[in-house]
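Scroll down for the structure; my scribbles are underneath it.
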Amino acid sequence: MTAEVISGTKVSEEIRAELVEKVKNVKAKGVTPGLAVILVGEDPASVSYVTGKAKAAEEIGVFEETFRMPASTTEAALLAKIADLNKDPKFHGILVQLPIPKHIDEKKVINAIDPAKDVDAFHPVNVGKMLIGEPDFMPATPSGIVELLMRSGNDPSGKHVVICGRSNIVGKPIMAMLVQKVKGGNATVTVTHTGTKDLASFTRQADILIAATGIPQMIKADMVKPGVVVIDVGVNRIEDKTKKSGFRLVGDVDFDAIKEKAKAITPVPGGVGPMTITMLMVSTVKAAERAAAARK
Ligand code: GUN
């Protein structure tokens, strides 16, 4: 079997086309959706994500401003910037691109963002609401994964989903979303992590495997069962002298081998990556729609 390749680029285009209409409607009510992005330092991957976010916002008609702060920025200065943006009605969404430099306490920064503008859904209030099944905002990468599954005809309901990785950005929130008794959820969920013994004995049970380990090509073909649906969240740079840049991007699964065994698989790049940015726009537009409704 050669797997269907689930294109995040294509699914993103569909969702962005839907968003263009929503943005027009909210603008007609006198509200232009606004997103503030704070980038501290110049980590190349972060610069690339932030540039992608600005481009996507422009394409769909969202007002976006990126606030670039030097790596030497103090914690107090960053918290003051967030406090200003919390009060600024131009911005319905605020996000601080992670990671931030080590001398700044990430928890304090996340806690400082007004939960009503927390389009990343990283604030503990939003994480808690999502866990109890009463979400305001959904985190971008996990909701992108659910959209990819649903729009490719791979509803997780009743399926055994194995998630490799327990990060706060991907593993834990996708676990919380898939386990809910809702459309796009209702799955039986297993989470594996660095403390898991005999990883392959779990991954082989997966109807749907979500790889978010951060380890390049860690999941091999003998670790999955035939007909599995694979969502690869990994974005890893590995050396490749044949490329002008000197590197290429690979995921957390051995794509070439697993594609011969799976029912469907997401590529890297062009899978989960574009969805993350698109789902951030979905949250920003939702925040603006709430602001428009509150004006009445
Ligand atoms: N760094 C990696 N992924 C993300 C994300 O979804 N949001 C933010 N703010 N930073 C990230």
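None of these values were measured; they are calculated from a predicted model. Start at 1 and go down the list; that is how both ligands and their atoms are numbered.
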(message) Is it true that Thr190 and His160 share a donor-acceptor pair across their side chains at a distance under 3.5 Å?
(response) yes

(message) Would Lys81 pass as a cation-pi partner of Phe67, given that its NZ or CZ must be under 6.0 Å from the six-membered ring centre and within 45 degrees of the axis?
(response) yes

(message) Using heavy-atom distances only, which candidate in Ile110, Asp120, Ile100 approaches atom 8 (C) of ligand 1 most closely?
(response) Asp120

(request) With heavy atoms of Leu95 as the reference, note each atom of ligand 1 found under 4.0 Å away. (result) 9 (N)

(message) With a 4.0 Å cut-off on N to O distance, would you call Arg151 and Glu18 a salt bridge?
(response) yes

(message) Under a 4.0 Å threshold between the charged nitrogen and the carboxylate oxygen, would Glu64 count as salt-bridged to Lys53?
(response) no

(request) Taking only heavy atoms of Val96 into account, list the atoms of ligand 1 that are under 4.0 Å away from them. (result) 8 (C), 9 (N)

(request) Just let me know how Tyr49 lines up against ligand 1, side chain, backbone, both or neither, with a heavy-atom cut-off below 4.0 Å. (result) neither

(request) Kindly check if the number of other-residue, nucleotide or ligand heavy atoms within 6.0 Å of NZ (Lys225) is above 12? (result) yes

(message) I need the nearest protein heavy-atom contact for atom 4 (C) of ligand 1: residue, atom name and distance, please.
(response) Gln97 NE2, 4.2 Å

(request) Would you indicate which of Leu98, Ile94, Val50 comes nearest to atom 10 (N) of ligand 1 when only heavy atoms are counted? (result) Leu98

